[in-house]
Amino acid sequence: MDDLVRRLAGIVGDRHVLVDPGVAAGYLTDWTGRFAGSSPAVVRPGSVPEVAAVLAACNDAGVAVVPQGGNTGLVGGSVPLGGEVVLSLRRLSVVEPVDRAAWQVTVGAGATLAAVQEAAAAAGLAFGVDLGARDSATIGGMVATNAGGLHLLRYGGMRDQVMGYEAVLADGRVLAHLDGLLKDNTGYDLGRLLCGSEGTLAVVTRVRLRLVPHYRQRVSALLAFATVDEALAAVTSLREELASVEAIELFFGDGMELVCSALNVPSPFGERHEVLVLVECSAQHDPTDELASVAGELPGLADVAVAREPGPRAALWRLREGHPEAINQLGPPHKLDVTLPASRLGEFVESVPAVVRSVAPEARTWLFGHAADGNIHVNVTGVATEDESVDEAVLRHAAALGGSISAEHGVGTAKRPWLHLNRAPEELAVFRAIKAALDPKGILNPNVLLPPAAEVAGTPA
Ligand SMILES: Cc1cc2nc3c(=O)[nH]c(=O)nc-3n(C[C@H](O)[C@H](O)[C@H](O)COP(=O)(O)OP(=O)(O)OC[C@H]3O[C@@H](n4cnc5c(N)ncnc54)[C@H](O)[C@@H]3O)c2cc1C
């Protein structure tokens, strides 16, 4: 291993190879604190040729590599749980000039989401994916996890934004298809294949992204209801009747109280409400009146807070986006990010706390999510990090109702044992064949996504 570390230092320079666990600490533990590992070296290349040389060296030595961007992933996929080398892409952060004619921009894998949003805004455009970790999450990580986020309803997820890609294979060969042509049926779409590959197929180094219109007028409203049924009926009406709708989020009275107390955020309401729907509309004309007219007809609407200016809108959004941070303050949570079919969402929300209690009576369940996508984040606190009985129970429950065990965070390490709930043995065999074709020695993130070979037959341990 010492030889390899010396070779890596020769490629990227001594100061970009971190071997001291104290110095490397931020690269070794995930955002939740639930997953922590160790690594012989954290390597921080500054160019694509350096990425290629690092991978070739690790491949020659048969040493596994975990690609890492902003390390905001929530499924234990970005940290070296098996003692892998960590390959940090953060230095590849160049945002090239926006192509105004094409409504596209090419960016380095290490560019943060916020940097891309700023570049798009400066060109009078916007980027279609947004999420709470925008200041740290990188475009490479967002491609690798196929991030969803707050605006999927209107613009789709990360896969829908990728117009071109550049990536390095495990053996150091560089693939690139960055033309960004809207119509280009010249074979397999390898860029989109990398979306959701979680660092197992190749290391993303550059991405050409689609941009979307920048809507000048914006309004947010927090709508309060007494029951889940009323709130979900409101979500359907808002989607159906508002062309300007950009985001519809769901959270609950206990989560809102936690955010208010943990993060010292004021509530816009004088009393507690059980179910909250946060809706945001944007358009070139002011969408406030059309939102007010649809909201005014919603059955069961108990209270509403409306915000048009950036400051008050941010205060309403803090109530939703503050959930992960406030929950983390209770100790490392088990984060189970699931999607349900629209017709089963209410049933899942109502029943999942009892499912959790059946295996962990002392645990607390916190629910929030992207309501219009059927995506609920089930966060469970008060359970030992290594106790997976809650994960098993919740994921089985979601799958039994026709849902997915991973809506947008990916499978990572956290959900790998349950991938068979959504993917048949035949599909897993094809996944494995693709992995073997691109990474024959299996050095790229070997401990995420795909279950160990012995489990492929559908008989998980
Ligand atoms: C507060 C908060 C809010 C969040 N909200 C959302 C949300 O709304 N929607 C959502 O989808 N996610 C959300 N996330 C999760 C997270 O931000 C996303 O998964 C994001 O895409 C991860 O990006 P990253 O750069 O931090 O990747 P990392 O955490 O560094 O890595 C994630 C995965 O991608 C791989 N990877 C990273 N970079 C590369 C690369 N260049 N090439 C190949 N593989 C790579 C890693 O190996 C790992 O498997 C949230 C996280 C936090 C902390």
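First listed ligand is number 1; within each ligand, the first listed atom is number 1.
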Is the shortest side-chain N to carboxylate O distance from Arg318 to Glu325 below 4.0 Å?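 Salt bridge between Arg318 and Glu325, a charged N being under 4.0 Å from a carboxylate O: yes.
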Between Arg91 and Ser47, is there a side-chain donor-acceptor contact under 3.5 Å, judged purely by atom types and distance?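 Note: Ser47 and Arg91 side chains miss the donor-acceptor criterion.
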Side chain, backbone, both or neither: which part of Ala109 has a heavy atom under 4.0 Å from ligand 1?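 For Ala109, only side-chain atoms sit under 4.0 Å from ligand 1.
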Can you confirm, on distance only, whether ligand 1 has an N/O atom lying under 3.5 Å from any N/O atom belonging to [X]?
X	result
Gly69	yes
Asp130	no
Leu131	no
Ser136	no
Thr145	yes
Ala144	no
Leu150	no

Compare Val204, Leu449, Val66, Leu74 and give the one whose heavy atom is closest to atom 41 (N) of ligand 1.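 The option holding the nearest heavy atom is Val204.
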What protein heavy atom sits nearest [atom], and how far away is it?
atom	value
atom 52 (C) of ligand 1	Ala133 CB, 3.6 Å
atom 31 (O) of ligand 1	Ser78 CB, 3.4 Å
atom 22 (C) of ligand 1	Thr72 OG1, 3.4 Å
atom 46 (C) of ligand 1	Pro67 O, 3.1 Å
atom 11 (O) of ligand 1	Gly148 N, 2.9 Å

Classify the ring geometry of His409 against His377: parallel below 30°, tilted from 30° to 60°, perpendicular beyond 60°.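 Answer is parallel, since the angle falls under 30°.
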Out of curiosity, is Ser197 lining ligand 1, as in a heavy atom under 4.0 Å away?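 Per 4.0 Å heavy-atom rule, Ser197 does not contact ligand 1.
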Any chance you could measure Asp171, atom CG, to Leu169, atom CG, to the nearest 0.5 Å?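 The CG atom of Asp171 sits 5.5 Å away from the CG atom of Leu169.
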Calculate, to the nearest 0.5 Å, the distance between atoms CG and CE belonging to Leu209 and Met158 respectively.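 One gets 5.0 Å once the value is rounded to the nearest 0.5 Å.
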